[in-house]
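Since the structure comes first, as structure tokens, the remarks are kept for the end.
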Number of protein chains: 2
Amino acid sequence: MNSREDLDDFIKNGHKQYLSHLSIDPVIFGYHDQQLKILLLRWRGLNGWGLPGGFIRKREPLSQAANRILQERTGLDNVFLQQFQVFGDSPYRLQERNAQEFANTYGFEVDTDHWLFERTLSISYFALVDYSRVSVTTDFFTDGYQWCDVSEIPSLLFDQNEVVEKALATLRLQIYHQPIGYNLLPDKFTLPEIHSLYETILGKKLDPWNFGKKLVSLGLINKLDERRSIGAHRSPYLYQFDKEAYENALTQGIVHTY
Amino acid sequence: MNSREDLDDFIKNGHKQYLSHLSIDPVIFGYHDQQLKILLLRWRGLNGWGLPGGFIRKREPLSQAANRILQERTGLDNVFLQQFQVFGDSPYRLQERNAQEFANTYGFEVDTDHWLFERTLSISYFALVDYSRVSVTTDFFTDGYQWCDVSEIPSLLFDQNEVVEKALATLRLQIYHQPIGYNLLPDKFTLPEIHSLYETILGKKLDPWNFGKKLVSLGLINKLDERRSIGAHRSPYLYQFDKEAYENALTQGIVHTY
DNA sequence: CCAAAAGTGTTTAATCTACACCCATGA
DNA sequence: TCATGGGTGTAGATTAAACACTTTTGG
């Protein structure tokens, strides 16, 4: 959606194509190089940082919409993406004054009751991706992005600070009874790698040895007979997720600590 | 909403008062006499059992809407009510043919593109109530209700079997890291009472002694110096939830098993 | 005194935790 | 051969699980 015609069409006819009152705003967690970050976009009209987002097509299944929006923004497909909450306690997300600001910014005259400015509930998802593989696409409404460390989130638009906080809390709680990491690590990885991932997500130290023992004893990962050469040190063994056990744990949930 | 005028107004003007495309459908778990049941309503027009439901007013905060709907249906206020998922993968919940059925049943002529028959995403909540305290209110669309044992759920309207299953799964998973029961038990309760509640929800046996030890050692409940007289047997001690620890655990989550 | 229900203790096994120690590698 | 990072073992503490035993109560 980058040409003027596309935008024009979106503004005028979007309400025919999309479900009103609803948006999908994924919190995209990116992990790379032992850092956990989230993707923020700079919104032109609103002059601030916010989450990427999109709308649901009238006949599009919800989960498909979420995946499409993620794909449009990051180019990634087939990643861990989970709905976690609908935010709708602030009666309006966009106030009336935004219509004027919007008009000034984009050069569009729109009514204050235009569909874009109606009350919008945000169906929030969180995704886990390797951010080195992401190519971010901005559109007409956004003019920049950043991968922001989770410990340094700035003040965001609307109620999105709450959304991000809740996403992080959900992720950290969930990691205790669902295996997480399939999409963040290469197919074959070493114990130190997955160990560091979990430490980063949880924001605390975990005993490396005990951590590995646990994952193996739960059957979630399997030790391979290969090693990775990592320079001037002992070569660590490679591990792989046990696809079956992993899927099973995702749907059933596991109860344990790390 | 029981008079003809109310209904008339609802059909004709509901789209002005409520957000379109959205409904709130709480799965209401009722516990009483060591049984776990859910509240089902018989829908007149659709000729089947389904969950109670309602719509969100245009300027009403989401959580307030959920509480209002629960209150309207059960008369209860201030109960455990938690959002758990939006269901929106079936592109339509009400098919076109329902418009005709609807007209036949209620004697209303409505267009197939009437707001009531548009695609609706269901924001699902689950509630925990003591069903002996509930007085169910039916409305024009429903002509009966039942408290149905969770192990005997019949085939429900739309995708609601999936909703109920997911609610139950969420409840059972959640009970492992959030205390549940504040609203299901009297203010002061005995260990056997709360023990039986947890056994019923989880659908499995728990060692009574170890269970009590755990709850006390977590600080969630406190032993009182009173006992309850229960006839020809030893009088059990009364316990009380530790309000502070309980609230804390609700927001923070606990990691443990039973 | 008995049956039924509640409360308590203790043993055993499992698991967690925290280290200490050994191994492999390339500089 | 040394520094560094990776892998392994184990003792001690903690927690879970199972079950037997004691207490209370009204009949």
Side-chain angles (χ1 to χ4, degrees), chain A residues 33-34 175-177 179 181 185-186 188-200 202-240 245 249 253-258, chain B residues 33-34 172-173 175-177 179 181 185-186 188-200 202-240 245 249 253-258:
Chain A
D33 211 11
Q34 307 197 15
I175 209 173
Y176 282 107
H177 39 104
L185 295 169
K188 298 172 179 180
F189 51 87
T190 66
L191 268 194
E193 281 166 357
I194 192 174
H195 170 246
S196 150
L197 165 66
Y198 274 64
E199 277 194 341
T200 306
L202 287 172
K204 68 181 184 190
K205 291 276 165 224
L206 304 168
D207 185 288
W209 169 236
N210 296 330
F211 174 79
K213 262 198 300 193
K214 184 101 194 188
L215 283 186
V216 171
S217 81
L218 285 169
L220 290 179
I221 61 176
N222 294 319
K223 190 175 186 172
L224 303 177
D225 246 352
E226 310 166 54
R227 291 156 162 249
R228 167 169 299 164
S229 186
I230 52 153
H233 310 290
R234 182 176 186 173
S235 310
Y237 283 97
L238 289 171
Y239 287 75
Q240 213 169 16
I254 341 168
V255 180
H256 65 90
T257 57
Y258 282 106
Chain B
D33 211 11
Q34 306 195 18
R172 285 180 175 159
L173 195 58
I175 208 173
Y176 282 108
H177 38 105
L185 296 168
K188 297 171 180 182
F189 51 87
T190 67
L191 267 195
E193 281 165 359
I194 192 174
H195 169 246
S196 152
L197 166 66
Y198 274 64
E199 276 193 342
T200 307
L202 287 172
K204 66 181 186 190
K205 291 276 165 225
L206 305 168
D207 184 287
W209 169 237
N210 295 330
F211 175 79
K213 262 197 300 192
K214 184 104 195 186
L215 248 48
V216 171
S217 80
L218 285 168
L220 291 178
I221 60 176
N222 295 319
K223 191 176 186 170
L224 303 177
D225 246 352
E226 309 165 55
R227 289 155 163 252
R228 166 169 301 162
S229 186
I230 51 154
H233 311 290
R234 180 174 187 175
S235 309
Y237 284 96
L238 288 171
Y239 287 76
Q240 211 169 17
I254 343 167
V255 180
H256 66 90
T257 56
Y258 283 105

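Residue numbering restarts at 1 for every chain, and letters A, B, ... go by the order of the sequence lines.
In terms of position along DNA chain C, the nucleotide closest to Pro192(B) lies nearer the 5' end than the nucleotide closest to the other residue of the pair Asn210(B) and Pro192(B). Nearest-nucleotide positions on DNA chain C for Tyr237(B) and Lys213(B) put Tyr237(B) closer to the 5' end. Summary of the strand contacts: Ala232(A) and Asp207(A) both lie near DNA chain D, and taking for each the nucleotide with the nearest heavy atom, the more 5' one is attributed to Ala232(A).
As rounded to whole Å, 10 Å separates atom C1' of dA6(C) from atom OH of Tyr239(B). Regarding Ile221(A), its CD1 atom lies at a distance of 14 Å from the C1' atom of dG7(D), rounded to whole Å. One interatomic measurement links the two molecules: NE2 of His233(A) to P of dG5(D), which rounds to 5 Å at whole-angstrom precision. As a whole-Å value, the separation of Trp209(B) CH2 from dC21(D) P is 17 Å. Rounded to a whole Å, the CG atom of Leu224(A) is 16 Å from the C1' atom of dG6(D). In this structure, Leu215(B) places its CG atom 12 Å from P of dA16(D), rounding to the nearest Å. Arg234(A) places its CZ atom 20 Å from the P atom of dT1(D), with the value rounded to the nearest Å. For Ile230(A) and dG26(C), the CD1 to P distance is 10 Å, given to the nearest whole Å.
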Pair Tyr239(A), Leu191(A) - check side chain to side chain contact (heavy atoms under 4.5 Å, CB included), show working.
CA-CA 7 Å; Tyr239(A) 287 75; Leu191(A) 268 194; 3.4 Å; yes
Are Glu193(A) and Leu197(A) close enough, and set up right, to give a side chain to side chain contact (heavy atoms under 4.5 Å, CB included), and what steps lead you there?
CA-CA 6 Å; Glu193(A) 281 166 357; Leu197(A) 165 66; over 6 Å; no
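Summarising the geometry, atom CD1 belonging to Ile194(B) is positioned 5.0 Å from atom CG belonging to Leu215(B); distances are rounded to the nearest 0.5 Å.
Of all non-hydrogen atoms in Gln240(A) and Leu224(A), the two that sit nearest each other are OE1-CD2, 3.7 Å.
Within the structure, a side-chain polar atom (N or O) of Lys223(B) is placed less than 4.0 Å from OP1 or OP2 of dT8(C). Distances shorter than 4.0 Å separate some side-chain N or O of Ser235(B) from OP1 or OP2 on dT25(D).
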